[in-house]
Structures are given as C-alpha cells and as structure tokens.
Enquirer: 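The following block contains the structure, expressed as structure tokens.
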Amino acid sequence: MDPDTAADFTVENVEKALHQLYYDPNIENKNLAQKWLMQAQVSPQAWQFCWVLLRPEKVPEIQYFGASALHTKISRYWGDIPAEQYDTLKMQLFSQIAHFASGSKIVLTRLCVALASLALNMMPEAWPGAVSEMVRMFQEEGGEVDGRARCLALLELLTVLPEEFQTSRLPQYRKGQVRGALGSEWTAVYPLLQQLLRQPDSPPLVKARVLKCLSSWVLLDVPLNESEGLVEASFTALADPELFDTAVEAIVNTISQPDSQRYVNTLLKLVPQVLQLQEQLRDAVQNGDMETSHGICRIAVSLGENHSRALLEQVEHWQSFLALVNMIMFCTGIPGHYPVNETTSSLTLTFWYTLQDDIMSFEAEKQAIYLQVYRPVYFQLVDVLLHKAQFPTDEEYASWSSDEKEQFRIYRVDVSDTLMYVYEMLGAELLSNLYDKLGRVLTNTEPTTTWQDTEALLYGFQSIAETIDVNYSDVIPGLIGLIPRININNVQLADTVMFTIGALAEWLADHPVMLSSVLPLVLQALGNPDLSVSSVSTLKKICRECKYDLPPYAANIVAVSQEVLIKQIHKTSQCMWLMQALGFLLSALPVEEILRNLHSLITPYIQQLEKLAGETPNPSNKLAIIHILGLLSNLFTTLDITKQEEESGENAPPIKSAPPQTGPNPVVVVLQQVFALIQTVLSKWLNDSQVVEAVCAIFEKSVKTLLHDFAPMVSQLSEMLGQMYSTIPQASALDLTRQMVHIFASETNHFPPIKALFESVTSVTLTIFQQGPRDHPDIVDSFMQLQAQVCFWFLISFTLGFSLLFRVLSLKFPEAPTVKSTCLFFTELIPRCADIPPVGQVVQEDGKLLLLAVLEAIGGQSSRSLMDQFAEVLFCLNKHCFALLTVWLKEALRSPGFPSSRVSNEQKDTFSQQVLRERVNKRRVKDIVKEFTLVCRGLHGTEYAADY
C-alpha cells in the first residue's frame, strides 16, 4: 500500500502506514507514510479509528498513534466536538487511562495529555472541579488495576495537566480563566502529594513522581506559602540518592517562580534548610561526586539569585544571608578545572551580578552600610575568579579535547565579564590590588608562583581595561613597566600579554612615551604563528589609537609586517587585519612617505598579480588573486589621510593630527596605477562572481573611506562598471554602483558618467527581467536596493521610460531579501507620484498590477513573515493614491476565489473597508493584513495563528 495515495483513512490503512513508517528501510517511503499519517490524524475519520487503535491486542506503536490522534483532535479541533459529547469523551478517556495504568507508559502519557487538553477546554464552566474529580476517580477502589498503578496514573495525569496548559493554544481571555480555575484546585492536589511524599512506605518511584508533579504545578505560580510543607519534604528527599535529581528540580522550580518573592517569611525559613546542605556539598566535592555538588549549588544559587533583594532587606537576618553568600562563594571556587573536573562554578556567576545590582540600587546611606559588609566579599570573589580562570599545567591542558578547551575559553570570557562588572563596585582599588599582586609575583617574593599566576593577574587587568576607561588609573604606568619583565615562556601567557597591551591602546595614545616599552614585544610576537590572532589584533589597535605617535616607529612596523606577510606566517583573516593596521599607520604620514611605503608594500603583490593575470584561470590562481585583491581592499579601508580625531570636549587637550596634505590622495594614485592591471584580471575572470566581488570590494571600500576624494576615479570606474555589468551582470557591481550614485550623483561634474552608468545597469537589468529574472535573485535584490536608495536623483532628471511590470514580478520571488528590497522600492516610489509627474503616470498605468501582486502575496503566495512589508506597500497606496486604490481594490476583490478560495465576499468587503479607512495608522494596517492573510490561508483561529 502506498499511503500517499490512499484516499480512505481506515484502521487497516493507518496500521499499514505505521508499519511503513517504523520498519520500511526506504527513507522516501518513511517520509510519505509520515505525511499521510499527519493528514489522517486531523481527518474526521480519526474519531473512529483512534479508539480501535487503542485496543489491547494492538502493539504499543499503534496504540500510541491512536492516543496522539485523540490529543490532536481535542487540542486543535475543539470547536468540532458537540457539547453533548463532552462527558462521553471524558468517561472514555478515564476508562482508557485506567486500562493503560498497568500498560505501556508512553501510551498512558499521551492519553493523560489528551484528557488534560479536554479538561483545559472544558474548565471552568463545562467541568467545574475537574482536578478534584480526577483525584476522586483514581482513588476509588474497583477494577483489576492495583492501587499503586492507579496512583502512578493519577500522578502522571496531574503532572501533564499544568504542562499542557503552558503549551496550549487557548485564547488569552480563556488562559486567564483556566489558570485561575487550576490555581484554585491546588487544594485538591497538595494533600495528596504531601501524604504520598511523607508516607514511609511510599515506593521511591511514587515519591519521584510526586516531586515531578510539584515541579509541574509550581509553574502555575502556586503561592509559595501554600507549598511550604512539600518544599520542606523535598529537602528531606535530597538525602535519598534515588530522589536527589527530581528533588533538586522541584526545589529550584519552586524557588524560581517570580511570585515567590512575595512570601518573605517562607523564604527566610528556606535559608537555614539550604545552609544545612553544606556538609553534603563538601562531602560530594571531596568524593568527586559532581552531580550532587552541582544539584546543591543550583538550589543555593536559585535562592540567592531570585531573592537577593528580598533577603538583603531583612536586616535582622543579615548573618544567615551572608552565610548563604559564602556558600555560593564556595560553589564559585569549587576545586578543579572547569569543565573537566567541575561544571558547577559557572552556575554562580549571574548571582554575583544580581547581588551587586541590588546593593548598588539602595539609597546612598543604606548602600554604604551594605558595602562595608560586601566589598571584602567581592575582593575575595576576584581572587576566586582569577584562580578559577588559571590554565592547568601544560601536560594536563595538552590532554584536554578541543571541545573542553573551547568550553574553558568561553568560561574565561564569562569570568572576564564578571570582573569587568565587579569593577563598578570596587573601582580603582581593584586595579591597585591586582597590580600589587602582579608586582609580588614578578619580583619573586612568592617563590611558589607559576606562569599561570602571572597570566591570570594580567587577564584580570585585560578584562577591566577592555571596557572600562582606565586612563586615570595611577597603576597603569607601573603595569606597562612590569610587562617587559615577564618571562614569556608559554603561548597562553604570551597571548594574554598581547591582549593586555591591546586593551591599553587608548591609554598608550594618551601616554605615547610608553610605546617604546611594549611595541618591540608586539613586533616580535608578529613572527610567531601561535600568537597570530593576539599579536595582529594588538598591532591593529595600537595603529588605530596611536597612529599620530607612530611615525618614528613606522619604518620598523612596515618592515616587520612585510616580512611576516612574505613568509606567509599568518592565515588569511590575520593578513587582512595586518593590512588594516598598516592603513591606520600610513594615514598619519606625509603623502610622500605614504607613497614610498605603499610602493614597497604593494609592489611584490602587483608583480604577483601581473603574473597571475597572464596565466590560464584555475582554482589555485583564483585563490591567490582573491587574496591579493583582499589585501588591497583592507589596506584602502583604513588608509584615510583626511580623518582627524574628534575633540572630546571643550577642555580636551590639543588634537594630534597628521600634517596637512596636498596633491591627489595616495589611494587614488595607487588605484590609477593598477587600474589597467585590474581590468586585465577582470577580462579573464568576468565569469567568476567571487573574483568580480573582490575587485568591486577594492573600489567600494575606497569610495566609502575617501568619499569625495575618490572623484578622479569616477569617470573611468563608471565606464568599467558599465562594461562589466553589460557583459556579465553581477550583484556586486550593482552594490558598487549604489555607492557611486549615492556619493557623486548630486555633483554636476560627475553627473554625466554616473547617469550613463545608472542607465546602463538599468537597461541590462530590465533585459534580465524580460528573459526571466527567477535565476538571478541576488541581482534583483541589489537592483531594487539601488533603485530604492538613489533613483530619485534620476527621476527628476529623466523619465523612467518603462513600466513597473518587471519590478512587480520581483514581489513574487521566494527569496525574502529580494521581496523586502522590492517592497522598499515601492514604499520609496509611491510617495513621489504627486510631485514627480512621470512617477504619477507610471503608478496610474501599472498600479493595479502592483496591487494584484500584493493581494496574491497576502492571499498565500508569499511567506507570512513578509506580511509587514506588503502591508507597508498597501498603506503607501492608500495614503498617496486613495482614489485609485478604492477602484482597484473593488475590481480586484470582485474576482471569484481571489486572492484565496477560503475567503467569502463579506470577508473581502470587510478587509477592503478596513484598509481604506486607515490612512494614518500604519501599525493598524499591518494588523489588518495579518488577520486577513490567516483567513486566506485557513489558519485563522488555529494554534498556528496564536503566536503570529
């Protein structure tokens, strides 16, 4: 049987399809079976076959599908069930659950979920006291099912009920009603759970289900004081290894409920219970029991993190809260290296943010009192964090997997973020503290110190200096003085030294005399491939921040950079960064020196490019060409002789700047010299979009950096772009055209070549539209962006000369970026129809085509995620072409089955009236369109619409 073609959803066909889904080795057959079964689940016949599939003689896979079909029908198609059948359906489900209480667990769970869904849809009017009735039904003696199985089935039902509520698609007003009804029934659930958990003869499995049930119910914001006894019993259950995990979940879920902060007295009773876990925690750490230590830590952190402010404000209990804080400190500093020996410490970091925020939010007098107690705690935290951030021994680190090393790297970033935050509380004293410790380590007054100690202290400095302004710290000069004394015999230490220098780049700009201390270290590190990222990024930061103080060092920096580039020490991305660094450096030199350095720097690459340009294209020389073009692009991205540092205020020190420059821009000089070579490269590689993109990137980045200084190149580049695009149209050429038009179209001198370029690319693109644009979504996307952003310079200068037809076609593309760009074009164009006659004429002639395309999209032809964009086009038409839109809408919606066969004439009329009424409120039009598109797609009122 081929389930994809089976017209009849019979029991036999369902069973065959399930057999195919589970046992057919052919993946295509499995997919067909799954698709057919999904249709069967929602069919009217599901009400008949689901009960048959649940019969005792069926295998669990078939029974499970029957139970799932029941749940689907009840949860998604509740409106199809007549009210008079509610009670029959309820009793059938009770009967099935009682039967499966001692049967398959997965089937039992699905049946419980189905009954839960039924209860949620009936509560409170059609089934008052639903939970009480469930408890009563399962507590009654009778039948062949033993008491323990009935008890477990009831607990399963009570557990899935709140979970089903959380995921249900009930309308918002019903959610509130049902939540209230469920909350009032906690009184029926609590005594049962309390009895089962405290009963000495309750089996561990029953107790575990009770704890799981508590976890589920607290999601309904059950008042903390009404579950106090159960939470206390959950703490007792932590002593039982079989119950430990579920008890932790129950306690954490209960404590973490936002509403629980209102019950301060109950929270105060919980603090001693958490503190009593310290002995169990220490034993677990000593015995290497990571699961137990992790669980207890979660409990302590959830109490501290969720309720720190409430507990801080109970001044008379300050000692017990401080004890809790110290317990969390123990968890932060738990012995071992994360993530190999422990995974607990990372859980605690957010707590320290929360506690600090709460302390700092008090008014000044109260804050001062708390700071007396907690500043020493936070200084201790810094020591603990730096210890935790230390690398293990070289041997141990070498044994770690790459995944463990990556997790440790991320952990150190989290530690770094925490240190940066803690600085807000501890201030300059923290830097002094770190400096004193580093001084002691480097002067060997503590003989047992290792490179890991030095690295961690530097990491602390780096964490703070990266984001905090340390310009006024009096310890930074000392730190810069200490750095050259560090015995760098390890890659991790060397990396951190580099990153620390990089973090201090802004400080070095204000204290250039210190550059001579650290620059040699950076240039030396450039030659080490292991330090590639840290050394290159640090040099880039120094060149960016300190460029006006670097001319004395420029020759040396360029020489070292050239050497490492020629030796190919660094990967491609670092080579690009290095070129950006050199661009910053050269920007501060006189033009003659820039040109001289550019000549020595670029000549080897130009010679290599000439050689490659003469070779037959192949994958190897393609990569080399793209690499060289990338180097030039990145160099020209930052080489800007016009940029001056901005004054930071009235009393700022005098601005350091480059000497005044005369003559053509050095970048333009170089580009003019290599222009013919680039044309030669293009002539051979015009078919390759990556090479064309790399060529365009050189000019695009140069245009963005130089702006109007790029003027001497406009004419020849416009000509080359036009020829390129005419031969083989590519999106990157359009993106460069957009930059050119944006900057130069308003300048009289450059208007002719820019206009010619614009007309050329427009003409070529329209030819693509006529031939079928579907294969070129990237070109259409870039073209519509070009039109939307800059075409109005040209609309004033010459008529459009063509209809909107081809642009309208772009709205029908499946690619979202293309559709968005096209909608943007229309929202820019339509408002001009009144003040620019050619635009008005075109909109009048082709506007109805545009409206039809928009309505088709709303009717279901385009993704629902794009409806806001189509709504904006509709809003523009309504605002600027109201009279025309009124006629067009009436004509368009008159067609039967348009824009969807699912909408009635009345619904179309309502939509039309609603849209035409809204000429000011764009948000309202978006809501109207969203509502109408759901109706058109047959999704209105379904669970798929709930989150839309």
Side-chain angles (χ1 to χ4, degrees), residues 738 741-742 745-748 751 754-755 758-759 761-763 765-766 769 780 783-812 818-858 866-894 899 911-929 932:
R738 190 168 86 244
V741 174
H742 184 63
S746 58
E747 295 188 10
T748 312
F751 190 76
I754 293 288
K755 179 182 173 184
F758 183 80
E759 288 176 325
V761 297
T762 301
S763 171
T765 308
L766 288 177
F769 272 94
V780 176
F783 181 67
M784 298 315 294
Q785 287 186 50
L786 167 64
Q787 299 259 308
Q789 183 177 328
V790 300
C791 72
F792 299 112
W793 286 109
F794 303 100
L795 294 178
I796 296 165
S797 310
F798 56 92
T799 63
L800 292 175
F802 46 82
S803 74
L804 295 181
L805 175 62
F806 299 120
R807 292 179 175 83
V808 169
L809 289 176
S810 308
L811 291 174
K812 302 183 181 184
T818 304
V819 176
K820 286 180 179 178
S821 299
T822 308
C823 288
L824 174 65
F825 165 74
F826 283 119
T827 57
E828 292 283 343
L829 179 83
I830 294 165
R832 311 295 179 117
C833 61
D835 53 332
I836 303 176
V839 178
Q841 185 183 340
V842 167
V843 171
Q844 193 161 357
E845 289 172 1
D846 295 329
K848 187 178 175 185
L849 289 172
L850 170 61
L851 176 66
L852 289 170
V854 169
L855 291 174
E856 272 182 33
I858 296 169
L866 294 166
M867 288 306 109
D868 277 358
Q869 280 74 25
F870 287 110
E872 290 196 9
V873 176
L874 203 53
F875 178 76
C876 269
L877 284 169
N878 195 29
K879 188 172 181 179
H880 300 283
C881 313
F882 177 73
L884 290 169
L885 180 64
T886 307
V887 177
W888 293 338
L889 259 180
K890 190 175 181 181
E891 292 174 356
L893 294 176
R894 194 183 295 149
F911 170 68
S912 178
Q913 289 164 15
Q914 286 177 325
V915 168
L916 292 170
R917 200 180 299 133
E918 296 295 340
R919 301 181 66 189
V920 176
N921 190 340
K922 190 191 294 184
R923 178 73 262 161
R924 176 72 186 124
V925 175
K926 289 181 179 180
D927 291 340
I928 293 165
V929 166
F932 190 61

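The structure displayed is predicted, hence computed values, not measured ones.
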Enquirer: Could you work out, with ring pair (Phe, Tyr, Trp, His ring centres under 6.0 Å) as the rule, every residue matching Phe932, not counting sequence neighbours?
Expert: Phe911
Enquirer: Just verifying a value: how many Å separate Glu828 CD and Cys823 SG, rounded to the nearest 0.5 Å?
Expert: 12.5 Å
Enquirer: So which heavy atom on Trp888 is nearest to which on Val843, and how close?
Expert: CH2-O, 3.5 Å
Enquirer: Which heavy atom of Glu891 sits nearest to which heavy atom of Lys848, and what is that distance?
Expert: OE1-NZ, 2.9 Å
Enquirer: Quick one: are Leu889 and Leu916 in side-chain contact, heavy atoms under 4.5 Å?
Expert: yes
Enquirer: Just do the side chain to side chain contact (heavy atoms under 4.5 Å, CB included) check on Asn878 and Val925 with the steps written out, would you?
Expert: CA-CA 10 Å; Asn878 195 29; Val925 175; 5.6 Å; no
Enquirer: Can you list everything that forms a salt bridge (Lys or Arg N to Asp or Glu O under 4.0 Å) with Glu918? Sequence neighbours excluded, please.
Expert: none
Enquirer: Under the rule for side chain to side chain contact (heavy atoms under 4.5 Å, CB included), what residues qualify as partners of Lys820, not counting sequence neighbours?
Expert: Leu866, Gln869
Enquirer: Applying side chain to side chain contact (heavy atoms under 4.5 Å, CB included), can you list everything that pairs with Arg923, at least two apart in sequence or on another chain?
Expert: Asp868, Asn921, Lys926, Asp927, Lys930
Enquirer: In chain order, what residues pass the side chain to side chain contact (heavy atoms under 4.5 Å, CB included) check against Thr827, with sequence neighbours excluded?
Expert: Leu824, Glu872, Val873, Cys876
Enquirer: Are Pro899 and Leu893 side-chain neighbours, meaning at least one heavy-atom pair lies under 4.5 Å?
Expert: yes
Enquirer: Kindly write out the residues that satisfy ring pair (Phe, Tyr, Trp, His ring centres under 6.0 Å) with Phe870, not counting sequence neighbours, or none if the list is empty.
Expert: none
Enquirer: Using modelled atom types only, decide if a donor and an acceptor are shared between the side chain of Thr886 and the backbone of Phe882 within a distance under 3.5 Å.
Expert: yes
Enquirer: Just how far is it from atom NZ of Lys922 to atom NZ of Lys879, taken to the nearest 0.5 Å?
Expert: 7.5 Å
